[in-house]
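All chains are named by letter (A, B, ...) in the order of the sequence lines, taking the proteins before the strands, and each is independently numbered beginning at 1. In this text, all values refer to a predicted model and were calculated from it rather than measured experimentally.
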Amino acid sequence: MRNPIMKEELAKRYDPNDFEKRIYDFWLSRGDFTPDPESKEPSYSIVIPPPNVTGRLHIGHALVNTLIDIIIRWKRMSGFNTLWVPGTDHAGIATQMVVERELAKEGISRLELGREKFVAKVWEWKESHGDQIQEQLQRLGASADWTRSRFTLDEGLSRAVRHVFVRLYHDGLIYRDLALVNWCPQCLTAISDIEVEYRERNGKLWSIDYPVAGSDRILTVATTRPETMLGDTALAVHPDDERYKDLIGREAILPIANRRIPIIADPILVDPEFGTGVVKVTPAHDKSDYEAGLRNHLPQLQVIGEDGRMTAAAGADFVGLDRREARKSVLAKLEEARLLRATKEYVNSVGVHGKCDTDIEPMISRQWFVKIEPLAKPAIEAVRNGTIEIIPDSWESTYFNWMENIHDWTISRQLWWGHRIPAYYCANEHVIVSESDPASCPECGSAEIRRETDVLDTWFSSALWPFSTMGWPDDTPDLRTFYPTSVLVTGFDILFFWVARMIMMGLRFTGRAPFKHVFLHGLVRDELGQKMSKTKGNVIDPLDVIDEFGADAVRFTLAVVSYGRDIPLAKSRMQGYSAFANKIWNASRFALMHVDTELADAKPIDYKELRTVERWILSRLNDATRSVNKALAAYRFDEAANTLYQFFWHELCDWYVEMVKPVLLGKHGDEAEANKVRRVLLEMLDRSLRLLHPFMPFITEEIWQKLGAGGGAVIHAKYPVADDSMDDADAERMIAATQAMITAIRNARAERGFTPKERFKLYIKTASDPEAAFFAEHTYLLADLARLDAVIVNATAPADAPHDVVAGYEIAIELPAKVVTKEQIERTQREIEKSRKELDGLEAKLGNEQFVRNAPASVVEQARARVAELRARIEKLGQQ
RNA sequence: AGGCGCUUAGCUCAGUCGGUAGAGCAUCACCUUCACACGGUGGGGGUCAUCGGUUCGAGUCCGAUAGCGCCUACCA
């Protein structure tokens, strides 16, 4: 029974646009991506790294989702009850920024709209644009279960977020405190430490003189941020620094402000070797100064406000000025007072907010934090004891290094789009943290309750993704069946942002690691290894290349290049793999025009009855099958894909198909032999398509439907596994020898300038009768592929025919008389030279007693055999 | 500053247990043969960054050096 949705015949030309959409709809209509709830098979599950809901598919998404889909399809075909949970992330700041930008086009600002209306606008935006990325993933062939798609702001997920927040708060792991945080004056929100990106910048280092009060001494201080001096509340020196020891405890006069500030000793803040050994201390605007301020009980004077403008505390001359203007103004005033001593060029790294590229302002602010150490400890242990395995394992040391030096996590954001923190304040400022909205304050009974306005860091909800998507905190069938998930596939760039936090939260709230393996892939670059960016114009848009080359070629390319930290990607590679798809297409057309698909329903292949050629190709296929399964189990998508490419094109197409043509075209053998060949050819196509399916799902499904699959689909066909009984070393050896002879003859033909029409005679010498019989039997094969008119076994060749030794067999090629050119002589001499060099090396090796004594017997034996072959070869070649 | 990684053909990269250096692309020559010119056949191209060590034997293991990249922390 053929499926009616499929076209009967393969089109002449491979055109992915003709069938990819149709095939995807076919799978969707059958519900092929949804696991069977009744299944007794072992489960296998993956959750998608949720892309930004307003995002558009970029090449990084294409990579990670291709890799996930390869694993999912492989496992599904390998008998697992397989689930891939898709979904999207609300992506707090990023989404808010996108919508704000859209509104700005209409001249509307978020602030004038108000919180409620703005959030409603974002939801509108989400509803109209949110499915775009899922449709794009479908074009890639993603076999995710769309019926289970989740969004981090869904009701269920929101409940999980709230539940986790409340529990962590009551366990003392979430607290609210006044602390120095990273503040983005552009986005007007605090961000966490890891959201700060550091950029190298050419700046200046200014030296400012601070007069010591009641003395004519001057302390010179270097700074990269002179405007912060307005907030200085001390100068610090090292307690052991002899130069300044006597000044400790005295006061300096802060220039411009003319405030007196203490001169303190702080061994942690001050490195006496650096600069002048005197440091200005600005506790409200610098991280290490903040800590020094706490140690020394210094006042915190905020001179820069949340909007990046100077506060009243900065003084009347500066209030309201932007940070940058304030810097110029401060420098001018210092210059005027002749207190600016020197300026030098200086390269330092400046913290910026990655999302908007604005310089971060360290700021003292009341925020919510997660006390991270108690969560990190078990997460470290889980990786250390192997409960979770990070692949490649080189990332484990990075993971440990970060987790062991981790700082508390700032989770509150002064945004509108996100999970609003479930904390409430009563009229008396009592804090109530609760899963449901409280009616009155449990402490004082006040009914005047207002909710916290801050929302949570997006990554807080992402951290719960592996179990929140499955219905947690309820005990659901999905949770029981598919949690913990099997592997997490993602880029190494979000190891800290996401992976580490999922491990911490998963262990804390489910008592189990959220996944067994973490596979970290590299980052896609252009062919020169540069980051892709719109400004550089080197972006490869996955949707464009899918249009151009087809999803299968794009997927195959991504699989092949996937290994390594950086993944250089060029369109030319996709073109190359679309040629491979074309090859698959045409080889299948060839097979289908010679093979009756009814054969598949006939009795299984009897391996003992097969010819050597068929036993050989089955053995080679088995070898490829073994390699592919092994490579996939190790997440070596590149090896798996290369193995299939190599096998299908260069063994199956280049050799096997050519070898069976004489039989299929009726030039050799009888109908019974042809039928055996047809049966095996069909088997090869069937198995190859199944092996290729996870990588190239569309083309394999389209063709496989033509094999008379009884209404089935390759997506649910069984993935081939290696079968030792298919291995055949003898067949491999004899066919390899045959191939080597054919190559040698083709080579001789090309080198001597003969056309394909001119026929030769081949003489072969064998050492045994079975070998002689083999070559006699396969004369047609040699004759057809090497264009010979005779193959003569174990007879004396004419002395003037070129002799050689190939695969251990002495051969001679009798060719029509032709002038021997200088090039041929030189080439033969080069061959002899090469062989002699290798021979000399080997003989020296074998002459070394220690080699013979210490090396394994097989290695010595191999060397001896090679020596014999080389000697014979040199002799034969020399005769010419 | 600390940590991690990389250096192999013109380009981009594989290379398992230490045992005769591989692939794709590019390049050159020949071939429009009845699945495919998105094709076939054959060829050329490498001091495996450098130096030293271990070993019978090193692209592979160890140490150092140089160059490049990334991460983390800090940078008055």
* Asked: How does RNA chain B look in dot-bracket form if you count Watson-Crick and G-U pairs under 3.5 Å, write [ ] for pairs that cross, and put | where a base pairs with another strand?
  -> (((((((..((((.....[..)))).(((((.......))))).....(((((..]....))))))))))))....
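- Within 4.0 Å (heavy atoms only), A:F492 reaches no atom of the nucleic acid at all.
- A:N848 comes within 4.0 angstrom of sugar-phosphate atoms only, judged by non-hydrogen atoms across all strands, and of no base.
- With a 4.5 Å cut-off on side-chain heavy atoms, A:R871 and A:E843 count as touching.
- Aromatic pair A:Y399/A:W395: ring centres not closer than 6.0 Å.
- Using a 4.0 Å heavy-atom distance criterion, A:R866 is classed as a base contact.
- No side-chain heavy atom of A:D552 sits less than 4.5 Å from a side-chain heavy atom of A:P16.
- With respect to the salt-bridge test (charged N to carboxylate O, under 4.0 angstrom), the residues A:R13 and A:D15 do not qualify.
- Aromatic ring orientation, A:Y645 versus A:H650: perpendicular (interplanar angle above 60°, classes split at 30° and 60°).
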* Given the rule in the salt bridge (Lys or Arg N to Asp or Glu O under 4.0 Å) test, do A:D784 and A:K667 qualify, once you have shown the distances and angles that lead to the verdict? -> CA-CA 10 Å; A:D784 192 76; A:K667 292 198 283 188; 3.4 Å; yes
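- B:A14 atom P lies 10 Å from atom CD1 of A:I567, rounded to whole Å.
- Contact of the A:L569 side chain with the A:M574 side chain is registered, since non-hydrogen atoms from C-beta on lie closer than 4.5 Å.
- No cation-pi contact links A:R620 to A:F647, judged by a cut-off of 6.0 Å to the six-membered ring centre and 45° from its axis.
- Nucleic acid contact class of A:L269 (heavy atoms, under 4.0 Å, all strands): none.
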* Using a cut-off of 4.0 Å between protein heavy atoms and nucleotide atoms, how would you tag nucleotides 26-41 of chain B 5' to 3' with B, S and -? -> -------B-BB-BSSS
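- Annotation: side chain of A:Y210 is not in contact with side chain of A:I263 (no heavy-atom distance under 4.5 Å).
- Within 4.0 Å of A:V560, counting heavy atoms only, lies no atom of the nucleic acid at all.
- Distance from the side chain of A:Y198 is smallest to B:A73 among B:C56, B:G43, B:A73.
- Nearest-nucleotide mapping onto RNA chain B: of A:F496 and A:D286, the residue sitting toward the 5' end is A:F496.
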